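Every value quoted in this text rests on a predicted model; they were computed, and no experiment measured them. Start at 1 and go down the list; that is how both ligands and their atoms are numbered.
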Amino acid sequence: MQKYATQELLVYCKKENISVLAYSPLLGGYYNRSGELPSAYSGDESEANLKELIEIARELGVTPNQVVLAWLRESSFPSIPIIAASTSNQLDENLNALQVELTRDNLNRLSTLGQVR
Ligand SMILES: NC(=O)c1ccc[n+]([C@@H]2O[C@H](COP(=O)([O-])OP(=O)(O)OC[C@H]3O[C@@H](n4cnc5c(N)ncnc54)[C@H](OP(=O)(O)O)[C@@H]3O)[C@@H](O)[C@H]2O)c1
């Protein structure tokens with residue numbers, strides 16, 4: 001239910017050019033922890049989505065976190081990610097997501113996961 005409300009909200013933001021404040025888009029670092037998800041996000045669909053995210057990251061030679069941040073940067077709706085880092089290495093990795101270039105195929109696959117085009 002919440003997922004579809006989020007989808008509608010993003011489509012509306014895109015249409016009206018409203019920025020989305022994406023807080024905790026890295027999900028506390030879970031995406032980088034080999035397929036582990038917090039219980040609130042567990043389920044077959046989430047796990048399949050995570051698997052695809054990890055696969056895209058592997059193909060690009062970057063981390064899943066970096067793919068998430070690059071996707072937000074490239075997304076069709078304006079977004080402002082609020083992220084935190086516990087170490088300077090994490091900060092470097094997150095900032096280096098600015099250099100990650102997603103292909104059209106990557107974007108299409110990621111949009112299918114998030115359902116926003
Ligand atoms: N006002 C609001 O409604 C609101 C809501 C949410 C968040 N916030 C604020 O937004 C900020 C971010 O929130 P958040 O802590 O939930 O953010 P987050 O970015 O989802 O999680 C940050 C944590 O993710 C892990 N992480 C970050 N980069 C990583 C990397 N490259 N590789 C592996 N792990 C990485 C680290 O955890 P480890 O320490 O486990 O490595 C880090 O402490 C905070 O200041 C928070 O207070 C505000």
Side-chain angles (χ1 to χ4, degrees):
M1 183 71 171
Q2 186 184 358
K3 175 179 160 187
Y4 297 109
T6 302
Q7 169 67 8
E8 286 167 14
L9 185 66
L10 292 177
V11 169
Y12 181 79
C13 287
K14 178 182 173 184
K15 183 167 163 260
E16 300 297 331
N17 203 31
I18 296 171
S19 296
V20 173
L21 195 59
Y23 65 79
S24 303
L26 300 184
L27 207 60
Y30 271 90
Y31 298 128
N32 275 13
R33 291 188 202 128
S34 61
E36 183 192 349
L37 279 175
S39 56
Y41 294 90
S42 63
D44 290 347
E45 195 181 353
S46 298
E47 282 163 27
N49 287 347
L50 179 61
K51 211 170 160 189
E52 178 74 337
L53 172 67
I54 290 170
E55 174 57 21
I56 291 169
R58 193 194 60 75
E59 289 168 17
L60 291 170
V62 301
T63 67
N65 274 359
Q66 289 178 315
V67 173
V68 170
L69 294 176
W71 179 76
L72 279 170
R73 190 194 66 227
E74 297 294 325
S75 58
S76 54
F77 52 91
S79 67
I80 303 167
I82 299 186
I83 58 172
S86 301
T87 66
S88 57
N89 282 345
Q90 288 181 357
L91 181 62
D92 285 344
E93 178 187 323
N94 298 343
L95 292 177
N96 282 333
L98 287 169
Q99 316 303 326
V100 174
E101 290 185 23
L102 300 175
T103 64
R104 176 51 49 197
D105 174 64
N106 295 150
L107 287 168
N108 286 341
R109 288 160 69 192
L110 291 164
S111 294
T112 304
L113 305 184
Q115 297 184 15
V116 182
R117 293 196 178 271

Apply side-chain contact (heavy atoms from CB on, under 4.5 Å) to the pair Glu47 and Glu52, showing each step before the final yes or no. CA-CA 9 Å; Glu47 282 163 27; Glu52 178 74 337; over 6 Å; no

Under 4.0 Å and counting heavy atoms only, is there anything from the protein next to [atom]?
{"atom": "atom 44 (C) of ligand 1", "value": "no"}
{"atom": "atom 30 (C) of ligand 1", "value": "yes"}
{"atom": "atom 10 (O) of ligand 1", "value": "yes"}
{"atom": "atom 24 (O) of ligand 1", "value": "yes"}

With a cut-off of 6.0 Å (strictly less than), are more than 12 heavy atoms of other residues, nucleotides or ligands near CG of Asp44? no

Residues, nucleotides or ligands: over 12 heavy atoms within 6.0 Å of Glu16 CD: yes

Ser111 vs Asn108, side-chain hydrogen bond (donor to acceptor under 3.5 Å, both in side chains): CA-CA, chis, key distance, verdict: CA-CA 5 Å; Ser111 294; Asn108 286 341; 5.5 Å; no

Can you report which non-hydrogen protein atom sits closest to [atom], along with the distance?
{"atom": "atom 48 (C) of ligand 1", "value": "Tyr23 CB, 4.8 Å"}
{"atom": "atom 7 (C) of ligand 1", "value": "Ser24 OG, 3.6 Å"}
{"atom": "atom 15 (O) of ligand 1", "value": "Ala84 CB, 3.8 Å"}
{"atom": "atom 39 (O) of ligand 1", "value": "Ser86 OG, 2.4 Å"}
{"atom": "atom 26 (N) of ligand 1", "value": "Gln90 OE1, 3.4 Å"}
{"atom": "atom 28 (N) of ligand 1", "value": "Asn94 ND2, 3.0 Å"}

Do Leu10 and Tyr12 share a hydrophobic cluster (ILVMFWY, side-chain heavy atoms under 4.5 Å, transitive)? no

According to a hydrophobic-cluster definition based on side-chain heavy atoms being under 4.5 Å apart (Ile, Leu, Val, Met, Phe, Trp, Tyr only), do Ile80 and Tyr23 belong together? yes

Would you mind running through ligand 1 and noting each atom that sits below 4.0 Å from a heavy atom of [X]?
{"X": "Ile82", "answer": "10 (O), 11 (C)"}
{"X": "Asn32", "answer": "30 (C), 32 (N), 33 (C)"}
{"X": "Gly28", "answer": "18 (P), 20 (O), 21 (O), 23 (C), 24 (O), 25 (C), 37 (O)"}
{"X": "Arg33", "answer": "40 (O)"}
{"X": "Asn65", "answer": "28 (N), 29 (C), 30 (C), 31 (N), 32 (N), 33 (C), 35 (C)"}

Donor-acceptor pair, Ser79 side chain versus Ser75 backbone, under 3.5 Å? no

Quick one: does Glu55's side chain have a donor or acceptor within less than 3.5 Å of a partner on Lys51's backbone? no

Is it the case that ligand 1 has an N or O less than 3.5 angstrom from some N or O of Gly29? yes

Check ion pair Arg73-Glu101 (N to O, under 4.0 angstrom): no

Test side chain to side chain contact (heavy atoms under 4.5 Å, CB included), reference Thr63, set Leu69, Asn32, Asn94, Ile54, output is Asn32

